[in-house]
Amino acid sequence: MYNKMRIFAHLKIAHTMIKRQQIKEVFKETAYGKEVRVMGWVKTFRNNQFIALNDGSCMANLQVVVDFANTDESLLKRITTGAAIAATGKIVESLGKGQSVEVKATEIEILGDSDPEKYPLQPKKHSLEFLREIAHLRFRTNTFNAVFKVRHALAFAVHQFFNDRGFVYMHTPVITASDAEGAGEMFKVTTLDLNETPRKEDGSIDFSQDFFGRATNLTVSGQLEGELAAMAFGQIYTFGPTFRAENSNTTRHLAEFWMIEPEVAFFDLEDNMQLAEDMLKYVISYALEHCKEELEFLNGRLLEEEKNKPQQERSELALIDKLSFCLGNDFVRLTYTEAIDILRNSKPNQKKQFKYLIEGWGADLQSEHERYLVEKHFKKPVILTDYPADIKAFYMRQNEVDSEGRRTVRAMDILFPGIGEIVGGSQREERLDRLTDRMKAMHIPEEELWWYLDTRRFGSAPHAGFGLGFERLVLFVTGMTNIRDVIAFPRFPKSAEF
RNA sequence: UCCUGAGUAGCUCAGCCGGUUAGAGCAUCUGACUGUUAAUCAGAGGGUCGCUGGUUCGAGCCCAGCCUCAGGAGCCA
């Protein structure tokens with residue numbers, strides 16, 4: 001009697017007293033027969049008997065076995081793809097193949113139903129295009145599970161890298177009044193009634209009546225503010241959202257993206273390049289170490305996809321091999337001028353296969369040229385430096401005019417295979433007169449940037465920094481090909497649904 | 001914004017030279033089966049052929065405009 005009661009009591013309290021465990025932890029359990037409680041979402045329910053359950057803690061699904069003969073049919077009907085359930089049961093060695101352990105359920109509770117006629121995710125392969133249309137649900141797929149775990153790891157690794165080196169994380173403003181950075185079209189920020197904007201006598205909008213008393217925009221870069229902080233802390237970085245109102249419709253542009261911008265006092269361009277290369281290698285190796293399961297999945301996904309491509313278009317290395325290769329090799333460093341020489345003598349240029357032929361010095365490099373250098377000629381990441389001054393921003397440090405009268409600046413772009421420009425940076429022009437000369441030539445109003453120029457007036461020092469497009473990094477590491485698939489809710493022209 | 005291609009069932013796609021009632025696989029539903037791995041087998045339901053207009057006896061198919069998506073280019077990170 002006593003024993004019976006104990007057993008009975010034990011069963012009674014099963015669903016209230018047993019603490020819910022993450023599936024990731026259940027897989028680590030070694031004691032067969034141990035009672036566990038898990039909660040998650042049903043991926044598939046096979047044979048009226050086998051639930052593939054996922055709670056997001058790991059990629060692998062836990063197999064929960066239902067004793068269908070002794071389970072109410074109305075409950076079985078509610079175990080559908082997408083439903084949230086709680087399951088209590090014993091850990092047992094799996095009789096089937098495909099998993100070593102499974103949970104033999106003694107109790108199943110439906111936490112949230114999922115109407116199978118309406119739930120759009122099916123236990124089958126979906127196109128990324130379709131999943132983009134249901135961005136609110138696509139996290140529940142294997143691919144996006146993996147992508148966003150890797151994204152998280154990379155973000156964490158970025159902070160770890162800089163923190164370990166004594167950098168200060170600066171939060172630069174999202175709303176900015178300066179319209180002079182020249183990094184692209186900006187989104188306007190206003191509280192004015194757009195139907196009745198106050199006007200000045202000359203008919204232009206009177207922004208003095210706006211919230212900030214002046215015209216404001218969303219930031220296109222935290223660099224200028226970052227430089228101010230670097231002139232006190234020595235080394236800082238920013239990591240925040242950045243906005244560009246360009247009408248860009250490509251696989252590598254977003255209207256809202258996350259950018260990492262370190263800025264370091266007393267650094268020259270060489271130091272800057274080394275920092276960027278070290279950082280990229282650090283975060284990639286962090287992902288390789290901490291996202292094995294996810295990267296292996298993405299690696300396999302990519303191999304599957306490659307099977308459908310013609311031989312020519314297939315990549316030479318699988319994803320994980322590509323990442324390892326990237327870690328094991330120094331990035332190639334060369335000047336713009338050297339790159340032009342290589343391109344001018346290249347086969348596609350000689351055979352006139354480039355759409356834009358390289359004829360002389362001074363033109364900006366097109367995508368096809370960057371791709372040739374990175375993917376065909378060097379076959380590894382490339383850092384291009386010392387671009388013509390005319391095609392680069394005003395704040396970049398000017399080199400002395402060379403023997404042929406060419407004006408260059410201490411710029412550097414890091415080009416990655418398949419991605420293109422992943423980092424853009426430079427040593428900054430710290431000499432006030434050279435900087436203001438350049439601003440005049442480029443029609444950038446000095447009055448608006450008086451605070452920026454103050455850094456050159458009071459204790460100016462050599463310094464350098466760069467901007468890293470975080471989503472482009474995630475693209476490279478996950479092997480995804482469209483930037484809209486590596487950010488949760490992508491913003492791009494005609495799209496801000498979620 | 002430019003170039004190219006696409007838009008047909010919930011998803012992936014086929015649909016011939018313009019011709020009768022627009023098809024398949026998967027998903028869903030019903031039934032069978034019950035150690036399955038995107039289970040399997042049998043059956044059923046499911047369509048504003050992107051939208052608007054035009055040509056034609058007749059348009060999913062031809063023409064024009066628009067919308068959306070994909071890939072490439074430009075802008076860039």
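A, B, ... follow the sequence lines: proteins, then strands. Residue 1 opens every chain.
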Using 30° and 60° as the class boundaries, would you call the ring planes of A/Phe489 and A/Phe498 parallel, tilted or perpendicular? tilted

Kindly point out which of B/C69, B/G35, B/G72 is positioned nearest to the side chain of A/Thr251? B/G72

Which one, B/U34, B/U37, B/C69, comes nearest to the side chain of A/Asn48? B/U34

Need to verify one output field. Residue with the more 5' nearest nucleotide on RNA chain B, A/Glu93 or A/Phe45? A/Glu93

Taking the side chain of A/Ser94 as its heavy atoms from C-beta onward, which of B/U34, B/U36, B/G71 lies nearest to it? B/U36

Is A/Gln122 side chain donor-acceptor paired with the B/U12 base, going by distance under 3.5 Å alone? no

Any donor-acceptor N or O pair under 3.5 Å, side chains A/Glu261, A/Ser221: yes

A/Glu227 and A/His463: side-chain donor and acceptor closer than 3.5 Å? yes

Classify the side chain of A/Lys104 versus the base of B/G35 as yes if they form a donor-acceptor pair under 3.5 Å and no if they do not. yes

Ignoring the backbone of A/Asn249, work out which of B/A70, B/U36, B/U1 is nearest its side chain. B/U1

Any base atoms under 4.0 Å from A/Gln99, or only sugar-phosphate, or nothing? Heavy atoms, all strands. base

Under 4.0 Å, counting only non-hydrogen atoms across every strand here, what does A/Ile260 touch: a base, just sugar-phosphate, or nothing? nothing

Across the strands shown, which category fits A/Gly467 at heavy-atom distances under 4.0 angstrom: base, sugar-phosphate, nothing? sugar-phosphate

Could you check whether A/Glu102 gets within reach of a base, just the sugar-phosphate, or nothing at all, counting any heavy atom under 4.0 Å? base

Donor + acceptor pair across side chains of A/Tyr286, A/Gln160 (<3.5 Å): no

Between the base of B/G10 and the side chain of A/Glu117, is there a donor and acceptor pair under 3.5 angstrom? no

Between atom CZ of A/Arg244 and atom CE of A/Met259, what is the distance when rounded to the nearest 0.5 Å? 5.0 Å

Of A/Pro493 and A/Ala255, whose closest RNA chain B nucleotide lies nearer the 5' terminus? A/Pro493

Expressed in whole Å, how much space separates the C1' atoms belonging to B/C2 and B/A59? 31 Å

Going by salt bridge (charged side-chain N to carboxylate O under 4.0 Å, His left out), A/Glu471 matches just one of A/Arg484, A/Arg151, A/Arg252. Which one? A/Arg151

Taking only the P atom of each, what is the distance from B/C63 to B/C69 in whole angstrom? 24 Å

Between the base of B/U36 and the side chain of A/Gln63, is there a donor and acceptor pair under 3.5 angstrom? yes

Please work out if A/Lys494 contacts a base, only the sugar-phosphate, or nothing of the nucleic acid, heavy-atom cut-off 4.0 Å. sugar-phosphate

Which whole number of Å gives the distance between the P atom of B/G23 and that of B/A39? 29 Å

Identify the residue among A/Thr143, A/Asn145, A/Asp485 that makes a side chain to side chain donor-acceptor pair (under 3.5 Å) with A/Arg138. A/Asp485

Tell me whether A/Phe257 is stacked on the nucleobase of B/A77, counting only the six-membered base ring and applying the 5.5 Å and 30° thresholds. yes

Is there a side-chain polar atom (N or O) of A/Ser248 under 4.0 Å from OP1 or OP2 of B/C76? no

Quick one: which of B/U36, B/C11, B/G74 gets closest to the side chain of A/Asn47? B/U36

A/Lys77 NZ - B/U28 P separation (whole Å): 12 Å

What does A/Leu95 touch in the nucleic acid at a heavy-atom separation under 4.0 angstrom: a base, only the sugar-phosphate, or nothing? base

To the nearest angstrom, how far is A/Ile134 atom CD1 from B/U68 atom C1'? 17 Å

Any side-chain donor paired with an acceptor under 3.5 Å for A/Tyr395 and A/Gln223? yes

Hey, are A/Arg371 and A/Gln366 close enough side-chain-wise for a donor-acceptor pair under 3.5 Å? no

Between B/G65 and B/G46, how far apart are the C1' atoms? Round to whole Å, please. 33 Å

Which nucleotide wins on minimum distance to the side chain of A/Thr250, given the candidates B/U30, B/C69, B/G74? B/G74

Could you identify the nucleotide paired to B/C41, looking across every strand shown and requiring Watson-Crick or G-U wobble geometry with both distances under 3.5 Å? B/G31

Interatomic distance at C1', B/G50 relative to B/U8, whole Å: 10 Å

Say whether A/Thr242 and A/Trp258, considering side chains only, have a donor N or O and an acceptor N or O under 3.5 Å apart. no

No-hydrogen, no-angle side-chain donor-acceptor test under 3.5 Å, A/Thr88 and A/Glu35: no

Would you say B/A39 has OP1 or OP2 under 4.0 Å from some side-chain N or O of A/Thr44? yes

Classify the nucleic acid contact of A/Glu129 as base, sugar-phosphate or nothing, counting any heavy atom under 4.0 Å across all strands shown. sugar-phosphate

Counting just side-chain N and O atoms, does A/Arg46 come under 4.0 Å of either OP1 or OP2 of B/U40? no

Rounded distance in Å between the P positions of B/G7 and B/C13: 10 Å

Can you tell me if A/Arg252 touches the phosphate of B/A73, counting only side-chain N or O atoms and a distance under 4.0 Å to OP1 or OP2? yes

Distance, rounded to the nearest Å, where A/Met480 contributes CE and B/G71 contributes P: 11 Å

How would you label the contact of A/Pro120 with the nucleic acid (heavy atoms, under 4.0 Å): base, sugar-phosphate, or nothing? nothing

Would you indicate what A/Phe50 reaches in the nucleic acid, counting non-hydrogen atoms under 4.0 angstrom: base, sugar-phosphate, or nothing? base

Identified pairing partner of B/A70, criterion: Watson-Crick or G-U wobble below 3.5 Å: B/U4

Does any residue of residues 355-368 of chain A have a heavy atom under 4.0 Å from RNA chain B, and if so, which ones, in number order? A/Gln366, A/Ser367

C1' spacing across the pair B/U1 / B/A27, given as an integer number of angstrom: 40 Å

Give a yes/no answer on whether the side chain of A/Arg472 brings an N or O atom under 4.0 Å of OP1 or OP2 in B/C76. no

Please state the P separation for the pair B/U56 and B/C16 - nearest whole angstrom. 23 Å

A/Lys43 NZ to B/A27 P, straight-line distance once rounded to whole Å: 17 Å

